[in-house]
Amino acid sequence: MGKKALAAGKLTLDRIKAGDLEPVSETIDPGEIVCLSGPSGSGKSRLLRAVADLDPHEGSVSIAGESQQDLRGHRWRRAVTMVPAESAWWFDTVGEHLPGPMTEALDQLGFKAETLDWSIDRLSSGEKQRLALVRALAHQPRALLLDEPTANLDPDATRETEQWLCKVIRERALPTLWVAHDREQIARVADRHLHIEGDRLVKTSGDKD
Ligand SMILES: Nc1ncnc2c1ncn2[C@@H]1O[C@H](COP(=O)(O)OP(=O)(O)OP(=O)(O)O)[C@@H](O)[C@H]1O
C-alpha cells in the first residue's frame, strides 16, 4: 500500500487467441464482474494466463487504454493480476509476502493480526487461497483475473470471501474476469456470464443489467 493508485479503466481483450478457443474480444468495465464458466479443460485458465501475459498468445489486451505490449511483463501483471487456483509462496511467513499489515482485509476474511507471523507450511489450502487474494489486492492491481477463487473453501468462507471480493472490486472499480463453476455463485456475483461451448465463448441469458 502507500503507492499512488492508478486510475481505473476498462479491460479490453481484442481477438485474444489462446489454445483451442476461438479469438476472444470482450470489454470489461471498471467494477464489472464477468464470470467465465465451461467444462474442465475447455481453456478458462489458458485465457486468463494469456490476458495476464503469462502464456504466449495472439491478439492484444489493454487496461485503461494502456496496452500489454507497452508494459514490461512484471509491470503488466502487477496491473492486471491473476490469482491462480493454486497460489505460489516463496518466503517463510505470510507477512513477508505483504507490503503492509493489511489489517482490514485480514479481519474481513476472519484472520487475526498474528496470521502475519504464520509459517507458509502450516497454511491449509483454503487459508492459502484467501491469503493469495489479500496479497494480490495489496499490490493495487487495476484489473483482476480470478481462477476459481473459492474452490477450496467451505460454504461460509465462500460467502464471506465473495462478499469481500465484490465490495473491493466495486470500491476500486476493478474490471474482473472470474472463473467459476457454481451456478449459484455466478448468480450472486456476476454482472455478466460467459460460458465456453466447444471452442467458443457464449453469452448466457439472465445477466444483471
Ligand atoms: N501450456 C500449454 N500448452 C499446451 N496445452 C496446454 C497448456 N496449458 C494447458 N493446456 C491444455 O489446454 C487445455 C485447456 O486447459 P485449461 O487449464 O485452460 O483448462 P480449464 O478450462 O481451466 O480447466 P479446469 O476447469 O479443469 O481448470 C487443456 O487440454 C490443457 O491440457
Side-chain angles (χ1 to χ4, degrees), residues 11-28 32-63 68-69 71-74 76-77 79-90 123-133 135-137 141 143-155 157-159 161-162 165-166 169 174-207:
L11 179 69
T12 305
L13 283 57
D14 185 11
R15 297 191 59 77
I16 292 295
K17 172 88 180 120
D20 296 333
L21 273 186
E22 286 289 301
V24 174
S25 295
E26 287 291 334
T27 297
I28 306 177
E32 184 184 29
I33 297 175
V34 176
C35 278
L36 175 63
S37 64
S40 196
S42 59
K44 304 178 295 295
S45 301
R46 285 190 93 179
L47 178 61
L48 260 54
R49 290 179 60 81
V51 176
D53 203 15
L54 287 163
D55 282 349
H57 59 88
E58 294 168 28
S60 60
V61 192
S62 63
I63 178 70
Q68 196 182 60
Q69 283 143 353
L71 289 180
R72 283 178 181 274
H74 71 280
W76 176 262
R77 286 186 282 281
V80 180
T81 296
M82 178 170 175
V83 186
E86 302 291 332
S87 55
W89 300 82
W90 41 89
L123 298 178
S124 73
S125 53
E127 287 166 347
K128 265 192 185 150
Q129 196 162 28
R130 283 175 294 160
L131 289 166
L133 293 167
R135 178 179 62 184
L137 283 156
L144 276 184
L145 308 168
L146 305 176
D147 200 350
E148 300 188 53
T150 61
N152 296 310
L153 306 182
D154 65 37
T158 293
R159 294 297 277 263
T161 305
E162 265 175 20
L165 276 172
C166 288
I169 288 165
L174 301 173
T176 299
L177 194 51
W178 178 325
V179 173
H181 284 293
D182 178 6
R183 290 197 154 276
E184 292 180 5
Q185 176 172 75
I186 293 169
R188 287 193 296 269
V189 306
D191 297 305
R192 277 193 293 137
H193 175 199
L194 303 172
H195 185 73
I196 298 177
E197 282 181 22
D199 59 5
R200 299 189 55 224
L201 266 190
V202 177
K203 296 180 198 326
T204 67
S205 57
D207 295 344

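Start at 1 and go down the list; that is how both ligands and their atoms are numbered. Please read these numbers as outputs of a predicted model, since none were measured by experiment.
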Looking at ligand 1, would Gly19 count as a contact under a 4.0 Å heavy-atom criterion? no

Give the numbers and elements of all ligand 1 atoms closer than 4.0 Å to a heavy atom of His181. 25 (O)

Atom 24 (P) of ligand 1: which of Pro56, Ser45, Ser40 has the nearest heavy atom? Ser40

For Asp20, does the CG atom have more than 12 heavy-atom neighbours from other residues, nucleotides or ligands under 6.0 Å away? no

For Gly41, is at least one N or O under 3.5 Å away from an N or O on ligand 1? yes

Are Pro39 and ligand 1 in contact, using a heavy-atom cut-off of under 4.0 Å? yes

Does Leu165 reach the side chain of Leu146, with side-chain heavy atoms less than 4.5 Å apart? yes

For the pair Leu21 and Ile196, evaluate side chain to side chain contact (heavy atoms under 4.5 Å, CB included) and give the outcome as yes or no after the intermediate values. CA-CA 9 Å; Leu21 273 186; Ile196 298 177; 3.7 Å; yes

Does atom 13 (C) of ligand 1 have a protein non-hydrogen atom under 4.0 Å from it? yes

Nearest-option assignment for atom 2 (C) of ligand 1, heavy atoms, candidates Arg46, Arg49, Glu148: Arg46

Atom 21 (O) of ligand 1: closest protein heavy atom, distance to 0.1 Å, is Lys44 NZ, 2.7 Å

Are there protein heavy-atom neighbours of atom 8 (N) of ligand 1 below 4.0 Å? yes

So, using side-chain hydrogen bond (donor to acceptor under 3.5 Å, both in side chains) as the criterion, who are the partners of Ser45 when residues are at least two apart? Asp147

Does Gly43 come within less than 4.0 Å of ligand 1, judged by its heavy atoms? yes

Taking only heavy atoms of Ser42 into account, list the atoms of ligand 1 that are under 4.0 Å away from them. 19 (O), 21 (O)

Would the distance check show the side chain of Arg15 and the main-chain N or O of Ser60 forming a donor-acceptor pair, the cut-off being under 3.5 Å? no

Is any side-chain N of the basic residue among Glu86 and Lys128 closer than 4.0 Å to the acidic one's carboxylate O? no

Just to verify, which of His193, Arg192, Lys44 counts as forming a side chain to side chain contact (heavy atoms under 4.5 Å, CB included) with Leu36? Lys44

One thing to verify: whether Arg159 and Glu184 come together as a salt bridge, which I'm taking to mean a side-chain N less than 4.0 angstrom from a carboxylate O. no

